[in-house]
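To start, the structure itself, in structure tokens.
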Amino acid sequence: MEHPPYRLAEEFDRFLGDPDDPGEVFSYARCAELDEKEEFPADICDRFQEWGLSDEYVPVEHGGRLHDYEQVLQLVRTVARRDLTCAIGHGKTYLGGVCVWVAGSSEQGARLGADIMAGVPVSLGLTERAHGSDLLANDVRTDDKADHWLVSGEKWLINNATRGSVLSLLTRTHPDGGPRGFSVLLVDKRELDEGTYRHLPKIPTLGIRGADISGIAFDGARVPRSALVGTEGAGLEIVLKALQLTRTMCAALSLGAGDHGLRLGLDFAEERELYGRRLIDIPQARHVLAGAAADVLLHEAVALVAARAVQTQTAELSVTSAVVKYLLPTGTDQVLADLTGLLGARAFLKGVHANGRFQKVERDHRIVGLFDGNTLVNLNSLVNQFRPLVRGFKRGTGDTAGAGAACDLATPLPPLDPSKLSLVARHGSGVVAGLAASVEEITRRAARNPALDPVAEAARRLLAVTTEVHAEMETYQGVLAEVPAAAFEVARRYTLCWAGAACVGLWTQSTDRLGDDPGTGALWRDGLWLRAALDRLLVRLGEPAANGRQTGEELLGALRDARSSGRLFSLLPQRVPERRPAMPAAPSGETERTSC
């Protein structure tokens, strides 16, 4: 692979310096200090600007450097791995601009792109105090005048509402509302008359304490007609399509939090002595770490396929984004919860283990599952698409070619065509439709390499369960209102099947290239990471685990090797600037002799 996206992220990480060094601007110590003060990380964001991170939020057609969403994923993951407040506070500008990238004019795109690259913060004004996720109930209204709009009302719990100079505002442009009663306006606060808007106070939050979570109120603010994004009445559709992009990119936040939490848990287990031996030598601790490691790799695999699918399977992003936005935040919350049990009291304390970084990442990550559509919103989106998903699975339709390109990390990505975004994946899921062929490929490989037999068997079991889940989905086709709880459970099971299909597809398409890498090849050869990921998914689908103990030991060995050699624990070969731990690493594939 020539110039893969993770290489730019590695370069960015080096530029930011060693986060363990308190002399660095973007250090763990500085982030803890800002969190304690509930202060926005302005100096750290200036450092991002110096490198040019904002340029990566602007598509090339609007003057920026965004041409590859896998690259955006890796860059934001790099920031989130150090501090989620910084990732969310700075990354909000990307979210604020997406409505224009999806439906704006070239003039709007060029102007907004220039602002973003100059460091102007941008936000997205969606939610209101009384309505939460119910966008159709929103009250902020716009009165239509001859040459301008008059905006009145309040947006609340808006990231960068106060700091941002520009915001994409969802507003009611027809008094009766309804699906065609809302529009998006690109509002520049620098051009509003004084006294026609005011900022609402910052809201204290449990996590991301330094972020600007506040609001804005308008009182007859005069906005030029040229601020309209797309066509009048298309606002809800524009926002829902834009959210498909942002929900997919939210995966970077969960990946970074998982990276950070897993490293803290491993270091604690290596250092902590209990009952006369190190915690890492106690079977239950090893089991917890191995499970967390498997989930971190599982989440990475899903995120890689999804980020690439933005460009290769754009028409199916309504499914992809909902799966990812449900699965990764909830899965990472569980990883952090499992590691909390490992750290015990030190998971909650400041100034003890790693200066309290674990309690911060755990607090900060809780919000990721809430914004850009919460857990129920995303599961409900999948329920609403059960009919085409079932039909596509029966017929074997869906964009299987696009899925194959998403899974092959060496395939160049086509430019994103926002016009292909759709609110429904009409032909089903190409990722799931390609599962049967991927299972056949693994079975063929296993015939030549018996070490792959456990992977092939797990993949066949996944295919069988996926068929059962689609039969369950058929029961709830056409359910749009008053969705029963059982339908949400079926949607949850579907996300696991989609994730499994993505993992199997990624391994079959990319293992020949990555299996020879001296750093990460051990994870790919003989399907180690895939074996672990499928075990985790099958258990959550109600199936018995098959390869737990030995697979876990091999994975734990790979995790310790990566940490001791200065590599990110990842499916991709990437080095990190953090200091290496002082303790000796265990040999790869080591086996704990003590019985559970």
Side-chain angles (χ1 to χ4, degrees), residues 9 69-70 72-81 84 87-88 91 94-95 207-208 243-262 291-310 316-339 361-382 406-407 429 431 488 491-503 505-506 529 532-534 536-537 540-541 568-572:
Y69 278 81
E70 184 188 350
V72 177
L73 179 86
Q74 297 292 0
L75 291 170
V76 177
R77 176 188 186 180
T78 299
V79 178
R81 186 159 59 242
L84 279 168
I88 293 168
Y94 164 78
L95 174 61
I208 60 168
L243 287 175
Q244 292 177 17
L245 296 170
T246 64
R247 287 170 178 168
T248 306
M249 290 299 103
C250 280
L253 304 175
S254 292
L255 292 184
D259 292 339
H260 196 168
L262 180 60
D295 284 342
V296 164
L297 295 183
L298 161 63
H299 297 159
E300 181 182 29
V302 170
L304 285 172
V305 173
R308 294 175 57 82
V310 167
E316 295 181 11
L317 204 57
S318 59
V319 171
T320 304
S321 60
V323 168
V324 170
K325 187 57 173 62
Y326 166 76
L327 199 62
L328 264 67
T330 56
T332 302
D333 280 343
Q334 188 59 55
V335 166
L336 295 173
D338 292 344
L339 292 170
V361 71
E362 193 275 336
R363 281 190 289 114
D364 288 348
H365 186 264
R366 292 190 200 182
I367 199 171
V368 177
L370 298 179
F371 54 59
D372 287 19
N374 61 31
T375 294
L376 291 179
V377 167
N378 285 287
L379 290 180
N380 190 70
S381 174
L382 291 172
C407 292
S429 167
V431 169
F488 284 104
R492 182 195 69 85
R493 287 166 58 78
Y494 177 83
T495 67
L496 299 172
C497 294
W498 192 101
C503 288
L506 179 65
W529 76 261
L534 291 180
R536 302 292 282 182
L537 291 168
R540 289 163 188 161
L541 283 163
L568 178 66
F569 182 64
S570 166
L571 299 175
L572 305 173

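No side-chain heavy atom of Tyr69 sits under 4.5 Å from any side-chain heavy atom of Thr248. Looking only at side-chain heavy atoms (C-beta outward), Ile88 and Ile367 come within less than 4.5 Å of each other. Taking 4.5 Å as the limit, some side-chain heavy atom of Arg493 sits within range of a side-chain heavy atom of Leu541. Residues Val377 and Arg247 are in side-chain contact: their nearest non-hydrogen atoms beyond the backbone lie under 4.5 Å apart. In this structure, the side chains of Met249 and Val72 come closer than 4.5 Å at one or more pairs of heavy atoms. When side chains are defined from C-beta on, Thr330 does not count as touching Arg492, because their heavy atoms never get closer than 4.5 Å.
When all heavy atoms are compared, the tightest approach of Ala306 to Thr320 is CB-CG2, 3.6 Å. Residues Leu84 and Leu253 share a closest heavy-atom pair of CD2-O, 3.5 Å. Considering every non-hydrogen atom in both Ser570 and Glu300, the closest pair reads OG-OE2, 2.5 Å.
No side-chain donor-acceptor contact under 3.5 Å links Thr332 to the backbone of Pro329. When atom types are taken as modelled, the side chain of His260 and the backbone of Gly256 share no donor-acceptor pair closer than 3.5 angstrom. Distance alone, capped at 3.5 Å, places no donor-acceptor pair between the Ser254 side chain and the Ala251 backbone. Panel note: side chain Asn378, backbone Gly373; a donor-acceptor pair is recorded below 3.5 Å. Asp364 contributes a side-chain N or O that, together with a main-chain N or O of Ile208, makes up a donor-acceptor pair within less than 3.5 Å.
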- Are Leu379 and Tyr494 close enough, and set up right, to give a side-chain contact (heavy atoms from CB on, under 4.5 Å), and what steps lead you there? CA-CA 9 Å; Leu379 290 180; Tyr494 177 83; over 6 Å; no

- Query: Step by step, would you call Thr246 with Phe371 a side-chain contact (heavy atoms from CB on, under 4.5 Å)?
  - Reply: CA-CA 10 Å; Thr246 64; Phe371 54 59; over 6 Å; no

- Query: Passes side-chain contact (heavy atoms from CB on, under 4.5 Å), Val319 versus Val431? Steps please.
  - Reply: CA-CA 10 Å; Val319 171; Val431 169; over 6 Å; no

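In this structure, OG on Ser321 lies 8.5 Å from CG on Leu243, to the nearest 0.5 angstrom. Separation of atoms SG (Cys250) and CG (Leu95) is listed at 7.5 Å; rounding is to 0.5 Å.
Using a 4.0 Å cut-off between a side-chain N of Lys or Arg and a carboxylate O of Asp or Glu, Arg77 and Asp259 qualify as a salt bridge.
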